[in-house]
Number of protein chains: 2
Amino acid sequence: MRSEMINEIETPAVAGQKDNRYSACLLFSANALARAITAIGDEEFGRIGLSYSYAYLLCEVVDQPGVTPSKLSETLFLTPSTITRLVEKLELKQLVRRESEGKKTLIYPTEAGEALRPAIAEAWGRVGARYSSAIGPDDVCQLTQQVFKAARSLDDLD
Amino acid sequence: MRSEMINEIETPAVAGQKDNRYSACLLFSANALARAITAIGDEEFGRIGLSYSYAYLLCEVVDQPGVTPSKLSETLFLTPSTITRLVEKLELKQLVRRESEGKKTLIYPTEAGEALRPAIAEAWGRVGARYSSAIGPDDVCQLTQQVFKAARSLDDLD
DNA sequence: TAATTATATTTGTATGTGCAAGCAACGAAT
DNA sequence: ATTCGTTGCTTGCACATACAAATATAATTA
């Protein structure tokens with residue numbers, strides 16, 4: 001009674017020292033992975049005063065000046081309200097500026113924003129190098145593809 | 001200049017309609033997956049008034065009465081301070097209770113907490129069913145293993 | 001035994017993210 | 001042209017999580 005099976009979908013109880021019953025749960029594992037890798041990301045991107053979502057957003061704005069929040073929301077898989085928050089802070093830091101055009105908002109980089117792009121690319125590279133070496137460079141590529149595919153499948157549900 | 005390669009580690013630009021340059025970044029993809037799947041989790045677990053971390057924690061406490069925060073921290077891949085916060089709220093909801101023993105804290109389920117366990121198992125099952133059907137039941141198992149393995153690798157870095 | 005270091009937990013504070021509701025502008029239909 | 005639904009963005013609020021510092025107890029060393 002006390003030790004009933006609570007795992008969602010039975011999986012062949014893969015061996016491994018530190019596995020526990022949650023290791024077979026994607027909800028659990030995906031969040032654990034996200035937290036662990038975000039820690040690396042924050043460390044590297046923190047050196048340029050941003051965290052990774054801000055950095056990605058800034059890249060988009062530099063590459064597509066005048067991009068709208070809704071477009072960013074699609075690209076970055078974040079809700080519009082989150083985009084607003086991110087843009088607000090980047091605006092405070094003088095890295096982007098907003099322009100209202102009808103019901104749309106157009107977002108442009110400032111010069112300081114554009115100037116930051118190489119540094120972002122470097123930080124990005126360091127993040128990739130770090131997790132590749134930890135996870136194993138061979139596995140990373142396939143893992144990333146699968147993870148993204150799964151994320152998209154779930155996102156397409158609505 | 002403007003369109004330089006900013007992806008961290010070159011990947012064979014996997015085709016796919018909605019892919020963008022971030023799809024090859026595990027930092028990005030892992031977070032996207034975590035958010036998408038957490039949305040499902042919150043929906044199902046929300047029906048019993050918890051979110052998924054609370055549910056997992058409660059399961060641990062029911063199965064190992066007297067478990068300590070540090071043990072929970074290891075099992076759930078969460079920091080001790082987060083555990084404290086989770087336990088606090090479960091205590092407010094009268095689902096667990098804390099007992100101080102020296103420098104340790106022992107956490108026990110209340111009867112209400114124990115009573116909730118079957119409902120948690122059911123919600124858990126529904127979450128698994130939903131993401132399995134979205135992602136494809138065949139892929140889920142392997143994906144989960146790989147994701148967990150990667151999370152553990154990154155976590156073992158400290 | 002007293003002083004120091006180590007371990008376990010909690011607090012203060014901050015951050016990223018989202019939902020639901022609001023507002024503003026556009027389009028369609030009467 | 002006035003109304004009405006729709007779309008795009010923003011705000012108020014809430015929550016999960018973490019870091020750094022504080023506290024309290026245990027262990028070790030002098």
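Every chain is numbered from 1, with letters handed out A, B, ... down the list of sequences. Worth saying up front: this structure is predicted, and the values here are computed from it rather than measured.
- Side-chain contact between B:Leu106 and B:Val67: absent, with no pair of heavy atoms (C-beta onward) separated by less than 4.5 Å.
- Under 3.5 Å, the side chains of B:Thr79 and B:Thr82 contain a donor-acceptor pair of N or O atoms.
- When heavy atoms are screened at a 4.0 angstrom cut-off, B:Thr38 is found touching no nucleic acid atom at all.
- Toward the 5′ end of DNA chain D lies the nearest nucleotide of B:Leu78, the other residue of the pair B:Leu78 and B:Gly102 mapping further downstream.
- To the nearest 0.5 Å, atoms CD (A:Glu74) and OG1 (A:Thr68) are separated by 8.5 Å.
- Backbone-only engagement by A:Thr105 is indicated by non-hydrogen atom pairs under 4.0 Å involving sugar-phosphate atoms exclusively.
- Contact check, A:Lys89 against C:dT15: no side-chain N or O comes under 4.0 Å of OP1 or OP2.
- Judged by closest nucleotide on DNA chain D, A:Pro69 is the one of B:Leu50 and A:Pro69 placed further toward the 5' end.
- Residue B:Ser81 is in base contact, counting any heavy-atom pair closer than 4.0 Å across all strands shown.
- Close to C:dT15, at under 4.0 Å from its OP1 or OP2, lies no side-chain N or O of A:Arg85.
- At a threshold of 4.0 angstrom between heavy atoms, the contacts of B:Ser70 are confined to the sugar-phosphate backbone, with no base atom among them.
- If you walk DNA chain D from 5' to 3' and mark each nucleotide with an atom closer than 4.0 Å to a heavy atom of chain A, the marks span D:dT7 to D:dA18.
- A:Thr68 comes within 4.0 angstrom of sugar-phosphate atoms only, judged by non-hydrogen atoms across all strands, and of no base.
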